[in-house]
Q: 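One structure coming up, written as structure tokens, with questions to follow.
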Amino acid sequence: MNDMRILERDVDAKAIKIAARNVQVFYGDNHAIKDVDVDIEDKTVTAFIGPSGCGKSTFLRCLNRMNDTIDVCRVEGDIAIDGEDIYDKRVDPVQLRAKVGMVFQKPNPFPKSIYDNVAYGPRIHGLAQNKAELDEIVEHSLRSAAIWDEVKDRLSAPGTGLSGGQQQRLCIARAVATQPEVLLMDEPCSALDPIATAQVEELIDDLRQNFSVVIVTHSMQQAARVSQKTAFFHLGNLVEYGETGTIFTNPVDPRTESYITGRIG
Amino acid sequence: MALGVTGYVILAVLALTVVAFIAAKARAKSAAGGDVRLLHSLPNYYGYNAAMFTAVPALGVLVIWLMAQPMLIENAIFDRLPDHLIEDGFSRNLMMSDVRRVAEGLDVAVSAGAMTEERADRIRTEFSDVRSILGSVGVALGSDVRPEVLSAAQQYRKSSAIGMGWMTGVVLILAALGAFVSVFVSGADFRARNVVERFVLSMLIVAASLAILTTVGIVLSMLFESLNFFRMHPWTDFFFGGQWAPNFRGNSDLSILPLLWGTLYISIVALMVAIPIGLFAAIYLSEYAGPKVRAFAKPLLEILAGIPTIVYGLFALLTVGPFLVSIFGRGEAGLLGVDWMSGATAVLTAGLVMGIMLIPFVSSLSDDIINAVPQAMRDGSLGLGSTKSETIRQVVLPAALPGIVGAVLLAASRAIGETMIVVLGAGAIAKFSLNPLEAMTTITTRIVSQLTGDTDFASPETLVAFALGLTLFVLTLGLNVLALYIVRRYREQYE
């Protein structure tokens with residue numbers, strides 16, 4: 001792992017965007033997440049790594065209350081974004097999800113045109129006054145997802161007709177278009193080939209300028225390449241959380257070391 | 001003689017089958033020297049193989065023989081019947097059924113002991129009263145037996161007896177041959193398992209082709225009768241005329257158009273009821289209802305699909321129709337004080353009830369289709385901060401639309417072909433009208449009325465039923481093909 005750019009990393013302390021304290025998640029009787037405390041910084045890429053079934057995706061889905069859509073799932077503890085408890089009764093989960101965008105494991109463009117895919121969020125939330133503004137949002141979002149040049153001539157073509165990597169970048173553009181503050185990515189590259197993966201990773205690095213990005217990944221190389229902070233989950237526990245460079249070169253917990261050296265997982 | 005020759009032959013073949021099964025199994029075992037691991041197949045397979053080679057060819061020949069023999073004998077006898085009998089106004093079929101009836105009567109008389117076998121062969125109408133003899137053993141004949149019919153019946157009995165004798169011989173020889181050969185080959189190296197497998201395959205193919213052949217047969221029979229109809233009645237009047245006025249003295253106006261209008265109008269009313277209710281029910285069940293409600297409500301909704309349509313018809317005639325009349329009819333005494341509707345049978349009555357019948361079709365199919373929309377679509381939309389109903393309206397329904405259209409087309413073809421509800425609820429007047437409170441009639445009800453009661457299968461007024469049926473068949477087949485095509489295209493999108 002020589003490509004870890006430890007020296008380039010910005011190690012200045014930043015504002016805390018998401019603060020989670022004592023989070024427990026239950027699927028029916030199954031205790032999926034146990035006592036997780038984590039502070040996620042603004043304008044930073046935070047990676048969640050860990051073996052399959054360790055709860056990293058479950059925890060990610062707590063951050064925008066997507067777990068609410070699963071009947072048997074129960075979340076306890078406090079999660080605050082900008083100091084506001086998102087599990088408070090006064091918080092509308094629908095509004096919250098507009099603020100905390102999400103990109104999923106498998107590209108899931110809607111069966112609509114490329115333009116309508118990106119315009120979906122702004123239309124629902126009334127972000128554009130008129131067509132010209134909407135056009136602008138769509139173009140800007142597609143540009144920030146680094147896919148504008150590939151699709152600008154066929155915005156009315158169906159989004160499902162794009163290649164896998166293009167579809168995933170379209171989904172990122174769709175999430176960016178609602179102007180979120182946090183972007184959650186659940187294994188965004190696991191269904192993509194290496195070239196598309198590289199494009200998306202480059203994009204994630206750019207997105208850091210404007211958003212707090214949380215990415216769940218199976219690939220430790222990917223975590224090392226794109227993130228500044230890394231959290232290692234194991235069997236529902238947050239084992240270790242810190243600077244990506246430290247986690248990969250000098251882990252404190254023996255379980256973290258076993259995982260990154262390939263002995264468990 | 002309770003069983004008849006055929007019964008004994010079948011019993012004999014079955015007994016041979018059991019013997020062959022046991023013998024083949026034993027022979028295979030002894031060929032392996034008691035160690036079944038040396039056999040190619042499990043011992044039972046040798047048994048099954050022998051059993052099927054014994055039973056299937058023999059029983060197959062039996063069935064074909066039983067179907068072919070009466071036809072051949074009747075043809076032979078018919079040629080010998082004197083021509084003047086037929087010219088007397090007896091149709092061929094009536095004549096032959098007389099002959100069969102006398103022949104059966106003689107059989108009964110012999111078995112009851114009223115006459116000997118020899119007397120049955122020699123009896124003459126000139127010397128004895130055949131009708132009263134047969135009457136004494138419980139076979140009633142409509143008229144005195146003509147000498148020609150009696151001799152034909154005797155000929156019929158003789159040929160049948162000879163045929164039965166041959167059949168017994170051939171079937172038993174075939175069974176014995178099959179048993180002998182299959183037991184003989186049951187050695188350790190014989191691949192009984194593979195042979196049984198192929199036999200199973202061919203049985204499945206026979207079942208599938210029987211279903212297809214029956215369909216082809218139905219279509220062909222309708223086609224021939226329709227051609228007969230078009231030979232007697234101009235096709236231009238049938239397809240392009242404007243009047244439906246069957247008249248059994250001849251010279252009727254038989255146009256499909258007023259009936260087609262009634263059919264389509266009632267179907268449209270039915271779909272206007274069934275599509276919104278069915279679709280909303282499907283959306284609730286698939287997207288909102290919890291597992292408990294779903295487990296309870298879905299089967300309940302599908303019970304609607306199990307109600308016989310005649311019950312819906314009664315509901316239309318006795319409940320919905322009078323209810324509508326109390327709203328739209330009866331002048332001052334009615335709820336609205338208008339007199340727009342005179343009788344319980346109307347387009348609206350039949351359409352409403354048919355719509356209720358179609359609700360489970362639309363909802364059940366749409367529910368499956370909505371469930372087939374990947375969860376990732378919903379997650380994507382919810383993750384962007386849209387509500388559940390926004391997600392359903394803007395993502396789930398557009399994704400499911402082709403499938404829903406297919407479901408609606410299937411429901412439409414069901415509505416067009418529906419009979420009992422419209423027989424009871426729609427009325428019998430063929431006309432072009434836009435008023436849903438008037439009685440109208442459909443293709444299916446006219447088929448029923450043209451074929452019930454005294455019918456003469458040589459008049460266009462009766463044969464028109466086949467042309468109507470064929471048109472209906474083509475219409476619903478077209479709708480079904482279109483629906484399946486749309487549904488299939490939709491499925492390819494996600495799998």
Side-chain angles (χ1 to χ4, degrees), chain A residues 57 60-61 63-72 92-113 116-127 141 158-161 167-168 170-180 183-186 191, chain B residues 279 283-298 366-407 485-495:
Chain A
S57 290
L60 188 79
R61 289 166 65 93
L63 300 180
N64 67 346
R65 295 186 60 173
M66 275 302 273
N67 284 332
D68 290 15
T69 60
I70 300 166
D71 289 330
V72 294
D92 175 10
V94 171
Q95 287 299 319
L96 172 76
R97 289 184 202 129
K99 209 162 90 173
V100 184
M102 188 156 191
V103 175
F104 296 84
Q105 185 169 359
K106 237 180 108 201
N108 57 350
F110 302 138
K112 298 166 181 286
S113 71
D116 287 337
N117 260 284
V118 182
Y120 182 79
R123 275 186 184 142
I124 279 180
H125 300 294
L127 297 181
S141 306
T160 44
Q167 286 189 13
Q168 193 63 303
L170 177 65
C171 292
I172 294 174
R174 193 174 69 184
V176 167
T178 48
Q179 299 167 4
L183 205 53
L184 307 178
M185 297 186 161
D186 189 358
Chain B
L279 200 54
I283 291 172
Y284 171 72
L285 284 180
S286 60
E287 298 286 323
Y288 289 95
K292 275 183 195 159
V293 179
R294 201 178 142 82
F296 161 81
K298 202 171 179 207
S366 306
D367 182 50
D368 292 346
I369 288 153
I370 290 173
N371 275 329
V373 174
Q375 184 61 28
M377 291 287 175
R378 296 185 189 93
D379 284 349
S381 173
L382 293 173
L384 288 170
S386 54
T387 63
K388 217 159 184 179
S389 75
E390 282 166 347
T391 302
I392 292 164
R393 249 182 304 130
Q394 307 208 19
V395 176
V396 177
L397 284 187
L401 191 64
I404 292 173
V405 170
Y485 170 75
I486 292 174
V487 170
R488 196 167 300 159
R489 270 198 59 153
Y490 160 75
R491 292 236 165 97
E492 281 166 3
Q493 227 179 321
Y494 295 115
E495 285 165 7

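Scope of the values below: all heavy atoms of this structure, side chains included, with no hydrogens, waters or symmetry mates. Note on naming: letters A, B, ... go to the chains in the order of the sequence lines (proteins, then strands), and numbering restarts at 1 for each one.
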Q: Does atom CZ of F296(B) have more than 12 heavy-atom neighbours, drawn from other residues, nucleotides or ligands, at distances under 6.0 Å?
A: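 No.
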Q: Do D71(A) and P291(B) have side chains that get closer than 4.5 Å, going by heavy atoms?
A: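 Sidechains of P291(B) and D71(A): in contact.
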Q: Measuring from R378(B):CZ to N108(A):CG, what's the distance to the nearest 0.5 Å?
A: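 Reported value, rounded in 0.5 Å steps: 12.0 Å.
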Q: Is it the backbone or the side chain of R61(A) that comes under 4.5 Å from a heavy atom of chain B, or both, or neither?
A: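 Contact with chain B is through the side chain of R61(A) alone.
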Q: Taking all heavy atoms of L384(B) and all of H125(A), pick out the closest pair and write down the distance.
A: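 Scanning both residues, the minimum pair turns out to be O-NE2, 2.9 Å.
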Q: Given that the side chain runs from C-beta out, which part of K99(A) has a heavy atom under 4.5 Å from chain B: side chain, backbone, both or neither?
A: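 No part of it gets close to chain B.
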Q: Which answer fits V103(A), side chain, backbone, both or neither, if we ask what part of it has an atom under 4.5 Å from a heavy atom of chain B?
A: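 Contact with chain B is absent: no heavy atom of V103(A) under 4.5 Å.
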Q: F110(A) versus chain B, heavy atoms under 4.5 Å apart: side chain, backbone, both or neither?
A: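 The answer is both parts of F110(A).
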Q: Minimum heavy-atom separation for M377(B) to P111(A), with atom names?
A: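 Minimum heavy-atom contact is SD-CD, 3.7 Å.
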Q: For residues Q394(B) and K112(A), report the shortest heavy-atom separation together with the two atoms involved.
A: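 That closest heavy-atom pairing would be O-NZ, 2.8 Å.
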Q: I'd like to verify something: which residue of V100(A), N64(A), V94(A) has the highest number of heavy-atom pairs under 4.5 Å with chain B?
A: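 Among V100(A), N64(A), V94(A), the one with the most close pairs to chain B is V94(A).
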Q: Check each atom of P109(A) against the heavy atoms of chain B and say whether the ones under 4.5 Å are side chain, backbone, both or neither.
A: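 When you check distances to chain B, only backbone atoms of P109(A) fall under 4.5 Å.
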Q: So which heavy atom on Y120(A) is nearest to which on S381(B), and how close?
A: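 Shortest heavy-atom contact: OH-OG, 2.6 Å.
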Q: Between atom OG1 of T69(A) and atom CG of D379(B), what is the distance when rounded to the nearest 0.5 Å?
A: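 Here the interatomic distance stands at 5.5 Å.
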Q: Do other residues, nucleotides or ligands put more than 12 heavy atoms under 6.0 Å from K106(A) NZ?
A: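 At most 12 heavy atoms, drawn from other residues, nucleotides or ligands, come within 6.0 Å of this atom.
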